[in-house]
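Some notes on the structure that comes next.
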Amino acid sequence: MAQGRRSELLEKAYAYVRASGISEMSLRPLAAAIGSSPRVLLFLFESKDGLIRALLARAREDELSALRGTLPQGAGAAGWAVWEWLADPGNASLLRLWVEAYARSLGATDGPWAGFAAETVADWLDVLARADPESTPAHRTAVLAVLRGALLDVLATGDVERVTAGVRHALPA
């Protein structure tokens, strides 16, 4: 029973942080918004840090399930498929959450944020390697750097057309 309630509240909390952010999340407003209490959240997730770790894992799961297994083979085609997903406005809330967690993770040596950025870099490099096993680590790193920078630019400006032209220039198909 507790596991079912934990899963239910995790999904509700995930929807909440996708809409309102995670780095400044407070348990009382979160609990009120999802029909729970801070005490129940602390019981089910052991601590606020435990809840944040669960939410970050849930976000990574969403991100990776959207990309793994659906990418065309070849670095150029895979890079473009990833870019189309990143530029899709329907993914913006997940990607804003990712950027927030990524930035918060930089320099964190302990706590729920520690390691998140490095883990997501490894995730994305793995996705690109699966799509193009013949590519070099340096090439995959360059593709990832272009995509990550373009993502930040789109989230900051909303100018998908200009940024897509830049991605096209940097990652010819």
Side-chain angles (χ1 to χ4, degrees), residues 10-27 29-30 32-34 51-108 111-132 135 138-173:
L10 178 61
E11 289 306 309
K12 288 180 177 182
Y14 180 55
Y16 176 87
V17 298
R18 281 187 68 166
S20 60
I22 192 171
S23 67
E24 300 301 323
M25 178 187 75
S26 177
L27 286 181
L30 169 66
I34 66 172
L51 175 58
I52 291 170
R53 277 191 293 277
L55 289 165
L56 294 177
R58 179 66 183 84
R60 282 178 64 207
E61 177 186 311
D62 244 11
E63 178 185 305
L64 292 172
S65 69
L67 295 174
R68 281 196 174 131
T70 62
L71 291 181
Q73 294 297 298
W80 274 103
V82 171
W83 175 246
E84 289 172 359
W85 184 81
L86 292 172
D88 181 343
N91 297 321
S93 69
L94 171 61
L95 295 168
R96 278 191 298 275
L97 176 62
W98 175 85
V99 168
E100 185 180 6
Y102 190 93
R104 185 80 186 253
S105 173
L106 299 174
W113 310 100
F116 180 80
E119 291 164 4
T120 62
V121 168
D123 289 341
W124 283 73
L125 290 173
D126 181 61
V127 165
L128 293 171
R130 289 173 190 249
D132 187 9
S135 65
H139 180 77
R140 293 188 297 270
T141 298
V143 170
L144 176 59
V146 168
L147 294 172
R148 189 174 41 236
L151 167 63
L152 292 173
D153 201 8
V154 162
L155 291 175
T157 67
D159 192 347
V160 175
E161 186 176 329
R162 176 186 58 79
V163 178
T164 298
V167 171
R168 186 173 294 111
H169 181 74
L171 302 177

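- Summarising the geometry, atom CG belonging to Asp132 is positioned 8.5 Å from atom CG belonging to Leu128; distances are rounded to the nearest 0.5 Å.
- Partners of Arg18 by salt bridge (charged side-chain N to carboxylate O under 4.0 Å, His left out), not counting sequence neighbours, listed by chain and number: Asp62.
- For the atom pair CD1 (Ile52) and CE (Met25), the distance works out to 4.5 Å, reported to the nearest 0.5 Å.
- A distance of 10.5 Å separates CH2 of Trp98 from OG of Ser105, quoted to the nearest 0.5 Å.
- Put simply, NE2 on His139 and CG on Leu144 are 11.5 Å apart, with the number rounded to the nearest 0.5 Å.
- Nearest heavy-atom pair, Leu55 versus Leu10, reported as atom, atom and distance to 0.1 Å: CD2-CD1, 3.7 Å.
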Let's go through Leu95 and Val99 carefully: what are the C-alpha distance in whole Å and the side-chain angles of both, what is the deciding distance for side chain to side chain contact (heavy atoms under 4.5 Å, CB included) to 0.1 Å, and is it a yes or a no? CA-CA 6 Å; Leu95 295 168; Val99 168; 5.6 Å; no
Using residues 114-122 as the side-chain source, report each donor-acceptor pair under 3.5 Å to any protein atom, sequence neighbours left out, with the distance given to one decimal.
| unit_1 | atom_1 | unit_2 | atom_2 | d |
| --- | --- | --- | --- | --- |
| Glu119 | OE1 | Arg60 | NH1 | 3.0 |
| Thr120 | OG1 | Phe116 | O | 3.4 |
| Thr120 | OG1 | Ala117 | O | 2.9 |

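- Residues that satisfy the salt bridge (charged side-chain N to carboxylate O under 4.0 Å, His left out) test with Glu84, not counting sequence neighbours, are absent from this structure.
- Partners of Tyr16 by ring-ring contact (aromatic ring centres under 6.0 Å, His included), not counting sequence neighbours: none found.
- Residue Leu51 holds its CG atom at 9.5 Å from CG of Leu56, rounded to the nearest 0.5 Å.
- Within the 3.5 Å criterion, the main-chain N or O of Arg140 finds no donor-acceptor partner in the side chain of Trp124.
- Although no hydrogens or angles enter the test, the distance criterion places a donor-acceptor pair under 3.5 Å between the side chain of Glu100 and the main chain of Ile22.
- Judged as a side-chain contact (heavy atoms from CB on, under 4.5 Å), and not counting sequence neighbours, the contacts of Val163 are Trp83, Ala150, Asp153, Val154, Val167.
- What you find for Ala13 and Ile34 is that their closest heavy atoms are N-CG2, 3.9 Å.
- Counting all heavy atoms, side chain and backbone alike, Gly79 lies closest to Leu147 at O-CD2, 3.7 Å.
- Every residue meeting the side-chain contact (heavy atoms from CB on, under 4.5 Å) condition with Asp126, not counting sequence neighbours, appears here in chain and number order: Arg68, Arg130.
- In this structure, CG in Leu94 is found 5.0 Å from CH2 in Trp85, a value given to the nearest 0.5 Å.
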